Amino acid sequence: MSGPQVDTVAPTDQLPDEAEVVIVGGGIIGTSTALFLAQRGVSVVLCEKGHIAGEQSSRNWGWVRKTRRDPREIPLVIESLRLWERMNETVEAETGFRTTGIMFAAETDEDVTRCETWLDYARPYQLDAKLISGAELDRLMPGASKMWKAALYSASDGRAEPQKAAPAVALAARRAGAVILTDCAVRGVERTGGRISAAVTERGTIRCKSLVVAGGAWSRRFVSDLGLRLPQLKVRASVARTAPLDGVPETALWCKDAAFRKRLDGGYNIADGFANVAPITPDSFRFFNDFLPVMKMDWEALKLRLDSRFVQEWREAAPVPLDQTSPYEKVRVLDPKPDSRFTRGAVASLARRFPAFNNARIVQEWAGMIDVMPDVVPVISAVDEVPGLVIATGFSGHGFGIGPGAGRLVADIVMGTSPIVDPTPFRFSRFTDGSRPQPVSGI
């Protein structure tokens, strides 16, 4: 098994003695946070246990969308799209961002109703998303009006290249003054008077005032060592990459058993959006009640599996002294085996709908572990119980597109400046303040 080929970020050997901020995790959230902090003159060190964008930040579909977002995320993703639109200029490199539109097929009357419900949620934000059908639908997706009743479409949504984006952002952060360390796991923290005072890495200790946990699927394990309960689970999703292919629309598409988007190299990323595998682990039982509402709502898309991850996570959960090798060093990169049955089924489904996909040649498949929250909304928040700690995780499969905006929001929270959007929906305390966070139904 091996994941997608990610652009290389050359390692830095020297470990600083101190920094104002240490970031745990080198995905799109962590690198974006490092960039925005460094641009403001904050001394920041990013520590990645493997390589930059080694896990879900390079393994996702590459969609950058406002459409079908949870209403609580819409303000932040609007700001994120603004950042994406000038990202190549900002980082002085190719991130693959292009504005090409995204479409969600509405195959039944129930699907149309869901799209209309989401448009009602989105109306206050004056987005360009709309329901299309007939000739307008066929213009963007030839022959689609014969298959579907309508589609939810936004022309201003786009795509970017997951294997390029976070590395490009990391290199821009380094040029702005951030220290980017790879193969450097943060084992834990030191506290003074209850407050974060240092990050303890496998190479040594970095004194700091703030620590940002942007560790994706590893975040729950990390903050549990601080006595914090973060109800987060992992979901495995698989993607296939094709060789360059002609005759397929530029617009990205999601339909019931397949999704695709064009790549910068002329190939396509293809997946089955209804085939997410949830490994049964000890946390599945620990957080069962938290996740029950979303399981009831989206049961059709969830495939439960009991496999080796149960024992692996059971063993990983035990606290490890900070002077000993941590689980983060034993597993540098989460590289699960892809579910070829789902990816190849998605390609076959597309070939039945669009003849051009009969010529699709799969050249690679991979899988990644998505960090999921009970309300399918991330945590982007300071933590009152641990002063100096900020958590940015649980993006629930939406993290790549929202990443730059989330990084900007994290930087605002760390610095105590006016936030780019209201962070209240993303507060960590929503799981303990009686709010009973719930997924939004009908979208």
Side-chain angles (χ1 to χ4, degrees), residues 2-58 91-95 162-190 196-216 218-219 221-222 225 320-335 388 390 392 407 410-411 414:
S2 65
Q5 183 62 48
V6 182
D7 286 356
T8 301
V9 175
T12 299
D13 294 330
Q14 187 172 0
L15 185 86
D17 292 328
E18 62 180 328
E20 291 179 70
V21 183
V22 170
I23 299 170
V24 181
I28 191 67
I29 312 300
T31 56
S32 296
T33 300
L35 175 61
F36 290 115
L37 287 172
Q39 286 179 335
R40 300 181 196 185
V42 176
S43 62
V44 55
V45 177
L46 183 150
C47 297
E48 164 56 46
K49 64 183 174 56
H51 61 270
I52 297 298
E55 296 184 339
Q56 192 56 22
S57 284
S58 66
V91 303
E92 300 177 2
E94 178 63 82
T95 64
Q163 292 92 51
K164 290 182 171 294
V169 174
L171 291 173
R174 179 178 282 174
R175 291 195 299 272
V179 176
I180 308 295
L181 299 173
T182 55
D183 291 313
C184 184
V186 176
R187 294 174 171 174
V189 304
E190 292 180 353
I196 296 289
S197 58
V200 180
T201 81
E202 61 181 291
R203 299 189 199 173
T205 298
I206 306 172
R207 297 189 302 277
C208 62
K209 298 177 181 177
S210 298
L211 182 120
V212 175
V213 177
W218 294 92
S219 299
R221 166 68 179 76
F222 190 93
D225 282 349
V320 178
L322 298 184
D323 61 352
Q324 296 182 17
T325 301
S326 68
Y328 319 116
E329 296 150 75
K330 294 177 180 178
V331 182
R332 295 286 180 182
V333 176
L334 277 173
D335 187 25
V390 176
V410 174
V414 168

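Computed from a predicted structure; not experimentally measured. What you see below is based on every heavy atom in this structure, not just the backbone, and it leaves out hydrogens, waters and symmetry mates.
- Listed by chain and residue number, T192 satisfy the side-chain hydrogen bond (donor to acceptor under 3.5 Å, both in side chains) test with S197 (two or more places apart in sequence, or in another chain).
- In this structure, I52 CD1 and S57 OG are separated by 9.5 Å, a value rounded to the nearest 0.5 Å.
- Checked by atom type and distance alone, the side chain of S219 pairs as donor or acceptor with a backbone atom of G216 at under 3.5 Å.
- G407 approaches T33 most closely through the heavy-atom pair CA-OG1, 3.4 Å.
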Anything under 3.5 Å between a donor and an acceptor, one on a side chain of residues 206-215, the other on a protein residue two or more places apart or in another chain? List them.
none

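- Judged as a side-chain hydrogen bond (donor to acceptor under 3.5 Å, both in side chains), and not counting sequence neighbours, R175 has no contacts.
- For the side-chain contact (heavy atoms from CB on, under 4.5 Å) test, residues two or more places apart in sequence or in another chain that qualify with V6 are H51, A53, S58, Q163, P167.
- Exactly one residue among L46, V9, I23 makes a side-chain contact (heavy atoms from CB on, under 4.5 Å) with T31. That residue is L46.
- Looking at V44 and F36, their side chains never come closer than 4.5 Å, going by heavy atoms from C-beta outward.
- Residues forming a side-chain hydrogen bond (donor to acceptor under 3.5 Å, both in side chains) with T325 (at least two apart in sequence, or on another chain): none.
- Heavy atoms only, all atoms of each residue included: V45 and P16 are closest at CG2-CG, 3.7 Å.
- The CG atom of L15 sits 7.5 Å away from atom CG of D17, with the distance rounded to the nearest 0.5 Å.
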Please tabulate, one pair per line, all N/O donor-acceptor pairs under 3.5 Å involving side-chain atoms of residues 177-185, not counting sequence neighbours.
none

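- Within the structure, the salt bridge (charged side-chain N to carboxylate O under 4.0 Å, His left out) test picks out the following pairs touching residues 27-42 (sequence neighbours left out): R40-D412.
- R187 pairs by the side-chain hydrogen bond (donor to acceptor under 3.5 Å, both in side chains) definition with E329, not counting sequence neighbours.
- The distance from atom CD of E202 to atom CD of Q324, rounded to the nearest 0.5 Å, is 14.0 Å.
- Every pair passing salt bridge (charged side-chain N to carboxylate O under 4.0 Å, His left out) that includes a residue from residues 43-58 is listed here, sequence neighbours excluded: K49-E55.
- Nearest heavy atom pair, residue C47 against residue V22, reads SG-CG1, 4.3 Å.
- Residues R221 and Y328 have side chains in contact (heavy-atom distance under 4.5 Å, counting atoms from C-beta outward).
- Taking all atoms of both residues into account, the shortest heavy-atom contact from A173 to A38 is O-CB, 4.0 Å.
- With sequence neighbours excluded, the residues satisfying side-chain contact (heavy atoms from CB on, under 4.5 Å) with V331 are W218, Q312, E316, L334.
- Pairing each heavy atom of V333 with each of G50, the nearest pair is CG2-CA, 4.5 Å.
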